[in-house]
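One structure is given here, and the rest of the page talks about it.
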Amino acid sequence: MAILKKLRERSEPLTVAELAKLLLVTEGTVQKWARLKQLPCIRIGDTIRFDGAMLADWIELQATCTLPPRASENPEDHEMRWTDLGQIVPRKS
């Protein structure tokens with residue numbers, strides 16, 4: 001993916017304008033995503049900056065988390081069951 005390559009090549013943090021141009025969205029959209037914590041960002045006062053490598057990692061993670069199961073896979077293998085919660089939620093004594 002060309003965007004990931006461009007992000008990883010950056011050694012300096014990106015500005016809102018640079019990221020908006022790269023993603024082909026408005027600066028207002030990038031600011032909104034940062035404000036709603038939908039994008040990982042670095043805030044220094046009122047200034048917002050984006051680390052290219054962090055954004056590339058985040059994009060890859062988002063892509064792997066949102067992929068649907070393959071048609072050949074059994075969807076029931078991906079369902080959470082009550083027994084699975086025992087591993088996540090500590091039991092009360």
Side-chain angles (χ1 to χ4, degrees):
M1 193 181 267
I3 292 174
L4 294 178
K5 184 177 179 183
K6 288 179 183 178
L7 287 172
R8 291 198 191 282
E9 289 174 350
R10 290 289 302 226
S11 59
E12 297 177 6
L14 286 95
T15 65
V16 170
E18 291 169 331
L19 184 59
K21 183 177 178 182
L22 185 64
L23 298 178
L24 302 175
V25 296
T26 66
E27 291 181 32
T29 298
V30 172
Q31 290 173 343
K32 177 182 168 187
W33 289 342
R35 186 176 59 252
L36 296 174
K37 299 181 182 177
Q38 294 176 334
L39 279 178
C41 64
I42 302 163
R43 289 183 173 273
I44 304 169
D46 291 338
T47 304
I48 302 170
R49 294 290 184 264
F50 302 91
D51 179 82
M54 184 187 303
L55 275 174
D57 292 342
W58 181 81
I59 290 169
E60 286 181 331
L61 181 63
Q62 294 299 309
T64 58
C65 291
T66 57
L67 289 176
R70 293 186 199 117
S72 61
E73 293 181 9
N74 183 0
E76 292 179 3
D77 293 340
H78 302 284
E79 292 178 3
M80 182 171 264
R81 296 175 180 82
W82 283 106
T83 54
D84 297 332
L85 293 176
Q87 298 172 4
I88 300 171
V89 180
R91 295 178 187 222
K92 293 182 181 179
S93 310

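The shortest distance between side-chain heavy atoms of F50 and L7 does not fall below 4.5 Å. Side-chain atoms of P13 and D51, non-hydrogen and from C-beta on, never get closer than 4.5 Å to each other. Looking only at side-chain heavy atoms (C-beta outward), L22 and K6 come within less than 4.5 Å of each other. At least one side-chain heavy atom of I3 sits less than 4.5 Å from a side-chain heavy atom of L23. Side-chain contact check for T15 versus E27: every heavy-atom pair is 4.5 Å or farther apart.
Here the NZ-CZ distance, from K5 to R10, works out to 15.5 Å after rounding to the nearest 0.5 Å. Expressed to the nearest 0.5 Å, how far CD1 of I59 lies from CG of L39 amounts to 8.0 Å. Remark: K32 NZ to T26 OG1 distance equals 9.5 Å, nearest 0.5 Å.
A salt bridge is defined here as a Lys NZ or Arg NE, NH1 or NH2 lying under 4.0 Å from an Asp or Glu carboxylate O, and R8 with E60 meets this definition.
Cluster annotation: W33 and L55 are assigned to the same hydrophobic cluster (Ile/Leu/Val/Met/Phe/Trp/Tyr, side-chain heavy-atom contacts under 4.5 Å, transitive). No chain of hydrophobic side-chain contacts below 4.5 Å, direct or via other Ile, Leu, Val, Met, Phe, Trp or Tyr residues, connects I42 to L19.
Within 6.0 Å of the CD atom in E12, the count of heavy atoms belonging to other residues, nucleotides or ligands does not exceed 12.
Scanning all heavy atoms of the two residues, the minimum distance from C41 to I48 falls at CB-CG2, 3.9 Å.
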